[in-house]
Structure formats: structure tokens, C-alpha cells
**Student:** 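Pasting a structure here, questions to come.
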Amino acid sequence: MTDTRQAPTARRYPFSEPDRLDLDPLYARLRRTDPVTRVRLPFGEEAWLATRYQDVRTLLGDPRFSRAASVGRDEPRTTSQQVGGGLLAMDPPDHSRLRRLVAKAFTARRVEELRPATTAIANELIDAMTAAGPPADLVEHFATPLPVRVICRLLGVPTTDQELFRTWSEAIVSTTSLSPERIEEYIGNLHAYMASLIAQRRVAPTEDLIGALVQARDDDNDRLSEEEMVELAAGLLAAGHETTVTQIPNFVYVLFTNPPKLAELRADPDLVPAAVEELLRYVPLGAASAFARYATEDVELSGVLIRAGEPVLGSLSAANRDGEVFTDPDGLDFARGANPHLGFGHGVHHCLGAQLARMELQVALRTLLGRLPELRLAVDEKDLPWKSGLLVRGLRAMPVSW
């Protein structure tokens, strides 16, 4: 057992700048030799970083690790400003109280009811692309509007305002792409926008999710404060599209750069659901680990003693490549049986919109493969522009032809 007072000098983290969707090879070495290691992020206090699947799963699911304990601490992070509050900074029972209010909107049944409308939107977007003719930017004309229109429909947000909140939502995932002042401005704008929609629902109640939150707040003031309602609605709007917008072109990029796997999917579209799960495991969406958990008592992970009060980060990307859990972890296998990946996290903070994201990604791949069987990059792969300064990694643009 290792005592933190004898721990080696902390490694600089992130270990390197993101390179497309490649995972830094240091993660694999750490899993073997130093699975729980000390790291120092650009801002905040030093932390432990867990890289093995079982340790990361324990970190996310064991109540001895707390997100609420991050409040008031100098949380390790990649951005100068502290991460805001809301669901991600809560533990049960407060977290459970808020999550229950919105969970019914994201059940498997409710999401499946949205599948036909999502498919119709996907076909409409491809109709517009093909009518305009190639080349087209898949990010701008397909990957972005699809999840945006779906989350707008679910929440009851006017799609005519999508350019506004798309701009503001970058503040949620920015590390260095925006200045601290601009991040504060954008988050303030997003919260003010949601507050105005909430005020409208009080005058004219609706059946959408924002309307349901207003009803829950007004029927029982103890269940949901006004501030909680605004933060929850803003967080759902931003998180409900930001990662899926990024993952659609990420998935397409992986298929383009793995022609045999693309051919496999084209030959058998029924593999799409399994392919989505495998791509969720394989693609390292995060540029670095975030949202540290704080130990509420002494806990041991892989022989390392985590003292009460110390923060621990878990690398989902490293965990998803753990050979102790996944055969051929660095390869793509659409025939993989059980796939207990941590792409949506684990435990009480397991992604609320996981079912919605799964459905959208399935619809996106199935529709693209079915409607555009000759879909291909319109530029050389090395010329694709990648985002930078964000918590997530993805393409700024993806010119395609067909």
C-alpha cells in the first residue's frame, strides 16, 4: 500500500496535446505499471489519476467518492474558472431529487418514441445536402443540426434560436477556446435565455420537459428551486447536443480510416447498434479526465491509499482500453459480445441522456450508410481541421462527397 506522503512527483496532465482521436500511449503504460498515479492539471490542486477499468468503475460508483465535496475546493481542472454547480456537483439525496424530475423524459420507451421523428430529421438533412450537391460539410449540415433539433423538440426550445445557444454552449466545454470573461458571459446568456423560456411556460403551460419542470417547481416549491430549474434546463440543453454533435463525425472519421469496418457496416446495417457501442468504447471523446471525485474516507485503489479529502480523476478512455476487460482493446470489433464500456460513465452520474445519444447515433449512422452508400472524405485525411481548447475532441469540419 502506497502512502500519499511518499508519492512520486506529480506528472503534468494532460500528458500531451490531443492528436486527432489517438489515445496517448502513456495511458497503457500506466495501466500496467502505475495505475493510480499523481497528476497536476493546469489549474487546481494535485490529484490522483486512475487508469484501470475496475478502479475507474469503483471511483464512479462507490459512495465513498463524492462530487459534492468538490464544492468550495480548488478542484483540479484544465480551465481557469471553476466548473459550475448543478447535477454534476451533487451527491444523493439532492442529486437523486433533481435527477428523478427529468429521468422520465429519457427512458428507453420515451426515446424510442422519438426515433421516427429523429429519422425523419436525418433524412430531411440528407435531402438538403444532396440537393445542394457535393462537397458538403457533414459537421455543419448533418452532425450539428440533428441532435440540436432533437433536444429542442424534447425540451421545448425554439429551433429558430439554435444559433444562439449553440454559441453559448461552447462555454460548457471550453478549456482555452474562450476567455474566462467570455465563458462567464456565455453561461450568463444561456441561463437568462432558459429563465425567459421558464417564464413563458408559467403564462402558457406546455407538455415539453421545460413545462414539466415548471409544473414540478410550482406544485411543490421544496422539490426544485428556481435556480436549480434554470441550471438544470440550461445543462440539459447544452449537454443534450454538444457531445452527440461531436461524436457523429468522430464515428464517421473512425469508419473512414478503417475501411474494412466501414464495409462491414455497409454490408450489414443490422450491426449498427453494436457498432455504436463499440465506437463509444473506442473513441476517446474527452481531451483529458475531468470532474474529480473526493474521497470521504481512506480508500485503496490498486494498492494505492487514497486519503480522505484527496481528489481522484478517472480516465474513461484508458478504462475503455483495459485488456483485462476487453479482448483486443485497441481494435474495433463490431461482433464484440458483452461491452460494458464506460462511455456514458457509471454510477449515480451515469449520463442522463445515454439512451437519447444511443438512438441519435444509431439513426445517424444507419441513415448515412443507407442514403449515401458512396460517402467519402472530400479532402485528404491529414487536412481535416480538429477542434482545440475544448474538453472534448472532434472535428471542426468534415468535407464529404458521395
Side-chain angles (χ1 to χ4, degrees), residues 21 106-130 136 138-139 141-147 149-151 153-154 241 243-285 320-321 325-344 350-351 353-377 394-395 398 400-402:
L21 298 179
F106 295 97
T107 62
R109 180 186 62 80
R110 181 78 181 271
V111 166
E112 279 306 307
E113 290 173 356
L114 285 170
R115 188 182 290 268
T118 305
T119 303
I121 293 169
N123 278 302
E124 181 185 325
L125 293 171
I126 290 178
D127 287 343
M129 280 174 51
T130 53
L138 195 73
V139 173
H141 298 294
F142 185 81
T144 298
L146 177 62
R149 286 174 59 176
V150 173
I151 197 64
R153 182 187 184 103
L154 189 63
H241 76 274
T243 52
T244 311
V245 163
T246 302
Q247 285 289 56
I248 291 172
N250 281 351
F251 284 12
V252 173
Y253 171 83
V254 170
L255 292 174
F256 281 157
T257 52
N258 289 268
K261 306 312 291 185
L262 177 58
E264 186 179 348
L265 272 192
R266 282 175 170 157
D268 186 1
D270 288 341
L271 283 175
V272 164
V276 165
E277 296 307 307
E278 178 68 346
L279 288 162
L280 284 165
R281 181 197 69 83
Y282 181 84
V283 172
L285 176 62
N320 281 337
R321 300 287 186 94
V325 178
F326 303 101
T327 304
D328 187 20
D330 295 317
L332 275 175
D333 182 4
F334 296 157
R336 199 180 292 278
N339 195 342
H341 65 79
L342 301 177
F344 291 120
H350 181 268
C351 177
Q355 293 294 346
L356 180 65
R358 278 191 170 98
M359 183 272 287
E360 291 173 331
L361 291 164
Q362 291 170 9
V363 167
L365 288 188
R366 188 179 286 274
T367 309
L368 285 170
L369 293 170
R371 292 288 308 278
L372 302 172
E374 300 299 319
L375 188 69
R376 59 193 180 275
L377 285 176
L395 288 150
M398 178 180 263
V400 294
S401 190
W402 51 87

**Student:** If you count every heavy atom of other residues, nucleotides or ligands that lies below 6.0 Å from Arg336 atom CZ, does the total exceed 12?
**Tutor:**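 Above 12, so yes.
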**Student:** Which atoms form the tightest heavy-atom contact between Pro284 and Arg321, and what is the distance?
**Tutor:** CD-NH2, 4.3 Å
**Student:** Verify the distance criterion only: is there a donor paired with an acceptor across the side chains of Arg115 and Gln362 at less than 3.5 Å?
**Tutor:**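 Present: a donor and an acceptor within the cut-off.
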**Student:** Considering only heavy atoms from C-beta outward, does the side chain of Tyr282 approach that of Leu21 to under 4.5 Å?
**Tutor:**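 Not in contact.
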**Student:** Drop me the distance from Leu138's CG to Phe256's CZ, to the nearest 0.5 angstrom.
**Tutor:** 7.0 Å
**Student:** Do Gln355 and Phe106 have side-chain heavy atoms sitting under 4.5 Å apart?
**Tutor:** no
**Student:** Might you work through the side chain to side chain contact (heavy atoms under 4.5 Å, CB included) test for Met398 and Ile248, ending with a clear yes or no?
**Tutor:** CA-CA 11 Å; Met398 178 180 263; Ile248 291 172; over 6 Å; no
**Student:** Determine, stepwise, if the pair Asn320 / Val283 fulfils side chain to side chain contact (heavy atoms under 4.5 Å, CB included).
**Tutor:** CA-CA 9 Å; Asn320 281 337; Val283 172; over 6 Å; no
**Student:** Asp270: what forms a side chain to side chain contact (heavy atoms under 4.5 Å, CB included) with it, not counting sequence neighbours?
**Tutor:**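 Counting only residues at least two positions away or on another chain, Asp270 forms a side chain to side chain contact (heavy atoms under 4.5 Å, CB included) with Asp268, Arg366.
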**Student:** Could you pull out all residues at least two apart from Glu113 that satisfy side chain to side chain donor-acceptor pair (under 3.5 Å)?
**Tutor:**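 Only Arg109 meet the side chain to side chain donor-acceptor pair (under 3.5 Å) criterion with Glu113.
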**Student:** Applying side chain to side chain donor-acceptor pair (under 3.5 Å), name anything that partners Asn250, two or more places apart in sequence or on another chain.
**Tutor:** Gln247
**Student:** How long is the span from the CG atom in Leu375 to the CE atom in Met129, to the nearest 0.5 Å?
**Tutor:** 7.0 Å
**Student:** Can you name the one residue among Leu368, Leu146, Thr367 that meets side-chain contact (heavy atoms from CB on, under 4.5 Å) with Leu125?
**Tutor:**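 The passing option is Leu146.
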**Student:** Name all residues meeting the side chain to side chain donor-acceptor pair (under 3.5 Å) criterion together with Arg358; count only those two or more places apart in sequence or in a different chain, and write none if there are none.
**Tutor:** Glu277
**Student:** Measure the spacing between OG1 of Thr118 and CE of Met359 and express it to the nearest 0.5 Å.
**Tutor:** 3.5 Å
**Student:** Might you point out which heavy atoms bring Arg153 and Ala117 nearest each other, and give the distance in Å?
**Tutor:**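 Nearest heavy atoms, Arg153 then Ala117: CZ-CB, 3.7 Å.
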**Student:** Is there side-chain contact between Leu365 and Leu255, with heavy atoms separated by less than 4.5 Å?
**Tutor:**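 Yes. Closest side-chain heavy atoms under 4.5 Å.
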**Student:** Any side-chain heavy atom of Leu356 within less than 4.5 Å of one from Ile151?
**Tutor:**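 Sidechains of Ile151 and Leu356: in contact.
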**Student:** Step by step, would you call Lys261 with Val254 a side chain to side chain contact (heavy atoms under 4.5 Å, CB included)?
**Tutor:** CA-CA 9 Å; Lys261 306 312 291 185; Val254 170; over 6 Å; no
**Student:** Looking at every heavy atom in both His350 and Ala354, which two are closest together, and how far apart are they?
**Tutor:** CE1-CB, 3.7 Å
**Student:** How many angstroms lie between OG1 in Thr246 and CG in Leu285, if you round to the nearest 0.5 Å?
**Tutor:**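 Answer rounded to 0.5 Å: 6.5 Å.
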**Student:** Any side-chain heavy atom of Leu280 within less than 4.5 Å of one from Asn339?
**Tutor:** no
**Student:** Any ion pair linking Arg149 and Glu124 (charged N to carboxylate O, less than 4.0 Å)?
**Tutor:** yes
**Student:** Apply ring-ring contact (aromatic ring centres under 6.0 Å, His included) to Phe326 and list each qualifying residue two or more places apart in sequence or on a separate chain.
**Tutor:** Tyr53
**Student:** Using the side chain to side chain contact (heavy atoms under 4.5 Å, CB included) rule, take His341 and Val325 through it: C-alpha gap first, then chi angles, then the decisive distance, then the call.
**Tutor:** CA-CA 9 Å; His341 65 79; Val325 178; over 6 Å; no
**Student:** Give, for atom OG1 of Thr257 and atom CG of Leu262, the distance between the pair rounded to the nearest 0.5 Å.
**Tutor:** 9.5 Å
**Student:** Out of curiosity, Leu372 CG to Ser401 OG, how far, rounded to the nearest 0.5 Å?
**Tutor:**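 Atom-to-atom, Leu372:CG and Ser401:OG are 9.5 Å apart.
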**Student:** So which heavy atom on Thr130 is nearest to which on Trp402, and how close?
**Tutor:** CA-CZ2, 3.8 Å
**Student:** Applying side chain to side chain donor-acceptor pair (under 3.5 Å), name anything that partners Arg371, two or more places apart in sequence or on another chain.
**Tutor:**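 Partners of Arg371 under the side chain to side chain donor-acceptor pair (under 3.5 Å) test: Asn123, Asp127.
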